[in-house]
Trainee: 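Have a look at this one before I ask anything.
Throughout, protein chains are lettered first and strands after them, A, B, ... in sequence-line order, and every chain is numbered starting at 1.
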Protein chains: 2
Amino acid sequence: MTVLETQGFLPHIAFDSVIFGFSKGKLKILLMEYHDTGWLALPGGFVRKEEDLDEAAKRGLKERTGLDNIYLEQFYTFGNMARFKPEVMQTILEANGFFLDPDHWMLDRFISVSYFALINFEKVILTPDELSDSIAWYEIDSLPKLILDHNAIVAKALQTLRENLERKLIGGNLLPERFTMNELQQVYEAIFGEKIRRTTFQRKMLGLDILERHEKLYTGKSHKAPYLYSFKKV
Amino acid sequence: MTVLETQGFLPHIAFDSVIFGFSKGKLKILLMEYHDTGWLALPGGFVRKEEDLDEAAKRGLKERTGLDNIYLEQFYTFGNMARFKPEVMQTILEANGFFLDPDHWMLDRFISVSYFALINFEKVILTPDELSDSIAWYEIDSLPKLILDHNAIVAKALQTLRENLERKLIGGNLLPERFTMNELQQVYEAIFGEKIRRTTFQRKMLGLDILERHEKLYTGKSHKAPYLYSFKKV
DNA sequence: GTTCTATTGTAACATATTGAGACAATAATA
DNA sequence: TATTATTGTCTCAATATGTTACAATAGAAC
């Protein structure tokens with residue numbers, strides 16, 4: 001199956017995913033680099049005619065990262081005319097050797113239903129799609145220029161993530177099963193983009209009664225070893 | 001122009017609006033009753049081929065309420081297969097004397113980009129669309145059964161409104177330009193569905209430094225007259 | 001006018017939450 | 001054994017919020 005099949009997908013509707021990961025103290029997202037053009041874009045795709053919208057997003061996530069069962073949240077649908085630039089998709093396709101009719105469905109106007117995902121960086125197996133050379137991690141606070149309105153999509157995703165983090169306890173989705181308090185704090189600091197007071201953070205997290213304390217983690221460093229924590233199962 | 005024109009609209013994409021108003025201490029939304037069927041639905045519409053998605057929602061709002069310049073926020077896009085029930089739209093259209101080809105675009109699968117609006121109840125001039133008998137206010141906490149997934153759309157709208165109210169100061173959009181502290185409190189109570197302590201609410205609102213105090217409102221009641229307030233202009 | 005009632009605006013105090021610093025515990029190293 | 005960096009927890013101060021109290025009034029009843 002190729003992306004060029006005319007049957008099977010809903011026209012005018014796409015999805016894009018802002019996939020967040022956390023590594024070495026930095027918040028990162030996945031970007032794809034299209035063949036020959038050097039253009040960067042969010043991973044995305046189209047919706048099958050008999051497929052739930054959410055299922056399409058999950059399928060796309062699975063195809064790029066190999067991961068199932070991911071924290072995935074729809075946050076906004078982008079549908080301005082300004083994002084309709086058929087020459088962009090045309091250039092990408094031509095760089096891959098596809099020369100389409102100007103009224104081909106893939107060159108039509110699309111609205112993009114956008115999702116963000118929080119994943120455990122360590123578990124990802126990255127796989128580019130058939131139009132791109134690579135898929136790789138990019139630091140959220142030094143992103144390059146992306147195609148179309150994808151920079152705006154990332155900005156909105158980050159804004160939504162920040163707002164949600166205050167209400168839901170989703171930060172742990174970016175970490176391995178067991179983590180230290182310091183690692184959890186670094187996740188919060190990376191998302192909010194500012195330092196957090198250590199003692200206040202620790203007291204609040206423990207007070208929420210959502211963490212389970214496990215054995216200590218001996219790293220070989222010459223100081224007191226921190227406890228490992230996991231989120232309590234519901 | 002009729003809804004049946006085949007040109008001009010993007011297929012598969014609709015919008016629905018949860019339009020909130022506040023009157024007599026109750027939070028209400030606008031619903032349309034389709035001709036002959038008695039079926040109730042959210043006001044909505046389709047997106048023109050060269051129209052911004054947001055503009056389409058604003059246009060729909062203007063058509064039903066006569067209002068421009070409304071607080072309008074996109075909150076979710078519903079796109080599950082479960083909401084694809086062509087017989088519903090077919091019945092509505094037939095009740096209006098339209099008998100369509102089974103592959104007419106209006107009987108196709110749609111995803112619905114959903115918006116909620118906050119409007120000043122007093123200023124609305126209601127106008128049904130061409131398929132419905134009436135458009136009217138219904139209390140949010142005693143809603144009847146709506147078509148398709150529209151009850152779920154309303155539930156999500158209300159949830160988003162509650163979450164946003166804690167972060168943004170949007171409650172005033174449901175009131176006239178000038179209002180008493182008690183009226184503002186009633187808006188908050190209606191949205192959250194619970195009583196709020198008067199003195200705490202007053203202290204917090206005044207402390208936010210967003211209200212301007214005006215003259216007193218003499219209602220003729222035999223007690224101290226409350227001040228009128230408005231939101232400070234930015 | 002005087003008294004009464006309902007409601008408003010604000011003060012006062014109690015309680016809870018958060019900010020900020022201090023300090024003992026401890027895992028390796030010198 | 002002393003030293004260093006980091007962790008876990010405690011304490012006290014500063015804010016914020018919950019709760020009660022009370023004076024100020026706009027009319028109505030008399």
Trainee: To the nearest Å, give me how far apart CZ (A:F201) and C1' (D:dG8) are.
Mentor: 14 Å
Trainee: Tell me if the aromatic rings of A:F179 and A:F231 count as close, with their centers under 6.0 Å from one another.
Mentor: yes
Trainee: Given A:H12, which of B:I111, B:L10, B:V47 fulfils the side-chain contact (heavy atoms from CB on, under 4.5 Å) condition?
Mentor: B:L10
Trainee: Show each protein N/O and nucleotides 11-16 of chain D N/O combination with a separation under 3.5 Å, one pair to a line.
Mentor:
none

Trainee: Phosphate oxygens OP1/OP2 of C:dA20: is one of them under 4.0 Å from a side-chain N or O of A:R197?
Mentor: yes
Trainee: Can you list, by residue number, the residues of residues 205-218 of chain A that have a non-hydrogen atom closer than 4.0 angstrom to DNA chain D?
Mentor: A:L206, A:R213
Trainee: Any sub-3.5 Å donor-acceptor pair from B:N151's side-chain atoms to B:P144's backbone N or O?
Mentor: yes
Trainee: So, the side chain of B:D52 versus the backbone of A:M81: is there a donor-acceptor pair under 3.5 Å, distance only?
Mentor: yes
Trainee: For A:F15 and A:Y115, take the angle between the two ring planes, folded into 0 to 90°, and tell me which bin it lands in: parallel under 30, tilted 30 to 60, perpendicular over 60.
Mentor: perpendicular
Trainee: With a 3.5 Å distance limit and no angle check, can you tell me whether A:Q185 reaches the backbone of A:I196 through a side-chain donor-acceptor pair?
Mentor: yes
Trainee: For nucleotides 6-8 of chain C, tabulate all protein N/O to nucleotide N/O atom pairs closer than 3.5 Å, reporting atom names and distance.
Mentor:
unit_1: C:dT8; atom_1: O2; unit_2: B:K224; atom_2: NZ; d: 3.3

Trainee: Salt bridge between A:E215 and A:R178, side-chain N to carboxylate O under 4.0 Å?
Mentor: yes
Trainee: Can you tell me if A:D129 uses its side chain to pair, donor with acceptor, with the backbone of A:S132 under 3.5 Å?
Mentor: yes
Trainee: Rounding to a whole Å, what distance do you find between A:Q185:CD and D:dG8:P?
Mentor: 11 Å
Trainee: Looking for any heavy atom pair under 4.0 Å, which part of the strands does A:T219 touch: base, sugar-phosphate only, or nothing?
Mentor: nothing
Trainee: Less than 4.0 Å between a side-chain N and a carboxylate O, is that true for B:K233 and B:E177?
Mentor: yes
Trainee: Are any side-chain N or O atoms of A:H150 and backbone N or O atoms of A:A41, one a donor and one an acceptor, separated by less than 3.5 Å?
Mentor: no
